Every structure is written in structure tokens, then in C-alpha cells.
Amino acid sequence: MAGLLHPGLVILSGAGLSAESGVPTFRGVHGLWEGHRIEDVATPEAFQRQPDLVHRFYNLRRAALKSVVPNAAHDALVRLEQGWPGPFLHITQNVDDLNERAGAKKLLHMHGQLRQVRCLWCRCVLEWNTDLEVSTPCPECGRTGRLRPDIVWFGEMPYYIDEITRALQTASVFVCIGSSGVVYPAAGLVRLAAESGCARRIEVNLEPADVSGRFTELRQGPATREVPQLVEELLADLSR
Ligand code: NAD
């Protein structure tokens, strides 16, 4: 019951949230994802054309998770999740696992996860912490060549669209952290929030994103500085 009396809060995070943990962003300074063009590693066509290259790319990203840890912004978002009395949802575009390692529970990975694979044959989804090769048999159905990273590639439909839409329809506060606003449909969520009557729409970014006009506030600066400050303000506002 208490949740109905308190405003709903939706967070959308992007690669900028994990940047200070040492996970490179996508379109940041280098304009490429770790030196690769997205057409070569992050589309279903790339996987059909060059599955070995795509597996190598995600094997390296998965292995790199072992050498990074959550930062002060991930930690602050968990404090917010635990202290927010109303409906709370953190939607992340990130495929790393830093939010859950910080303790996040009310979290949806709309673009999939590096530490999961799925089988195109039997459709099982499995936790996966080692390398994946074309020759790796699916542990469920035994077929080879059918396992793929559980990542939503360009041209594919993001996960949890219904849950995300429902949460935005009742949210009073929407916070977008470290997202360039060029990858759709994620970039369109601020518009959906605005059209659904969400009055407070806050952007946290080093520089205003492509969709900045749709936000009502900009907190400009690094996530590890801006997010903890914003979280303290949001929690303090509750007791006023
Ligand atoms: P993006 O890489 O396109 O943009 C990153 C944004 O973060 C930019 O607007 C930049 O100004 C901002 N930023 C960079 N450093 C920041 C900091 N320290 N503090 C605050 N903001 C900062 O990111 P996107 O919009 O999330 O789109 C990239 C897509 O690629 C995502 O869909 C995601 O699936 C994938 N990706 C994921 C990861 C990850 O899991 N960590 C990393 C790279 C790419």
C-alpha cells in the first residue's frame, strides 16, 4: 500500500555509469566500441558472417569484467533503491554486471548481459562466465554453433519493453545517467516519460545528450560525483 502513496522513480543508465569503473563507453572519445565498428560485432548479420570474431569480441568484454569493480555511482543507486519508499525500477542499457555486484535488485537489463548466453536452437538462457566458441556445445540440447551471447544487437528488439513502458506510465521522477541518447528505443524513453506525465526528468551526463531537450534538469559532470549528490537530494526531499 505504501508504494501507492509515494512517487514512482525510474532510472535509465548507459555506458557513462560504468565509465569511471574502467569499462569503455561506446561512442565516447574513440567513437568505436573497443576499436570495432558496430556492424562487425554487434548485429545478427555480423554473427552470421563472422561468428568467431563476434565470440572473440564478447569473450574479451566478459573476461574484462573480472578486472573492474562498481564505482560510487553504482553504490549510490543501490542506496536509492533501498531508501525509495515508492515504486522503483532501474533499467540499464549496460551489459556489464556492475549494478548487481553493487547490490541492485530492482534492475532490468534491456540490452542483455555479458554473463549470459542463449541457444538459438533450444532457446535456453544460461549463466556463462568463460569463453564461448562456435564449437561449444549447448549444455541443454548438445548442439554446436547455436549458442550466442545474450546481448541485444542492433536491429533486435530490447528486452522488457512492456515492463519498462508500464513503469514509465506511473513514474513521477525519471533519471537518465550516462547515455548518449542515440541508441533507440532507449533514447525514446525520456519522451515516453514526458508524454506519460512524468514531471521531473533529470539527465546526468558529462555533456548534454542528443535528446537533452526532453529533460527538465541537467546535472553536468562525472557520474561518480553527480549521482551520489543527486541520490542524497532525492532521499532528503522525501522527509520534507
Ligand atoms: P554511449 O557509449 O553511446 O554514450 C555514453 C554516454 O555517457 C555519453 O553521453 C557520455 O557523454 C556519457 N559519459 C561518459 N563518461 C561519463 C561519466 N564519467 N559520467 C557521466 N556520463 C558519462 O552509451 P549508451 O547510450 O549506453 O549506448 C551504448 C550501447 O552500447 C548500450 O546500449 C550498451 O548496451 C552498449 N555498451 C555497454 C557498455 C557497458 O555495459 N558498460 C559499454 C559500452 C557500450
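No experiment lies behind these values; they were computed from the predicted model shown. Every heavy atom of this structure was used, including side-chain atoms; hydrogens, water molecules and symmetry mates were not. Order of appearance sets the numbers: ligands from 1, and atoms from 1 within every ligand.
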Check each of Asp75, Leu230, Val227, Leu234 against Leu80 using the side chain to side chain contact (heavy atoms under 4.5 Å, CB included) test, and report the only one that passes. Leu234

Taking only heavy atoms of [X] into account, list the atoms of ligand 1 that are under 4.0 Å away from them.
X: Val183; answer: 27 (O)
X: Gly14; answer: 26 (O)
X: Gly221; answer: 19 (N), 20 (C)
X: Ala19; answer: 15 (N)
X: Pro222; answer: 19 (N)

Axial cation check for Phe47 ring with Arg49, 6.0 Å and 45° limits: no

Trp128 six-ring centre to Arg118 NZ/CZ under 6.0 Å and within 45° of normal: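 Judged by the rule, Arg118 and Trp128 form no cation-pi pair.
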
Closest candidate by heavy atom, reference atom 34 (O) of ligand 1, pool Arg225, Gln93, Glu207: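 When every heavy atom of Arg225, Gln93, Glu207 is considered, Gln93 comes closest to atom 34 (O) of ligand 1.
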
Under 3.5 Å, side chain of Asp210 to main-chain N/O of Gly181, donor-acceptor pair present? no

Strictly distance-based, threshold 3.5 Å: is any side-chain N or O of Trp84 a donor or acceptor partner for the main-chain N or O of Pro7? yes

Does the residue Ala186 have a heavy-atom contact with ligand 1, meaning some pair of atoms that are separated by less than 4.0 Å?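 No, Ala186 has no heavy atoms under 4.0 Å from ligand 1.
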
Quick one: does Pro24 get within less than 4.0 Å of ligand 1, heavy atoms only?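 Judged by the 4.0 Å heavy-atom criterion, Pro24 does count as contacting ligand 1.
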
Under 3.5 Å, N or O to N or O, is [X] touching ligand 1 that way?
X: Ala223; value: yes
X: Gly178; value: yes
X: Val23; value: no
X: Glu20; value: yes
X: Gly181; value: no

His109 ring center near Tyr159 ring center (under 6.0 Å):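 For His109 and Tyr159, the ring centres are not under 6.0 Å apart.
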
Gln220 atom CD, neighbour heavy-atom count above 12 within 6.0 Å: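 Enclosed: over 12 neighbouring heavy atoms sit under 6.0 Å from CD of Gln220.
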
Same cluster for Val95 and Val117 if Ile/Leu/Val/Met/Phe/Trp/Tyr side chains link at under 4.5 Å?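 Val95 and Val117: separate clusters.
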
Going by the salt bridge (charged side-chain N to carboxylate O under 4.0 Å, His left out) test, which pairs reach into residues 86-105, not counting sequence neighbours? Asp97-Arg101, Asp97-Arg115

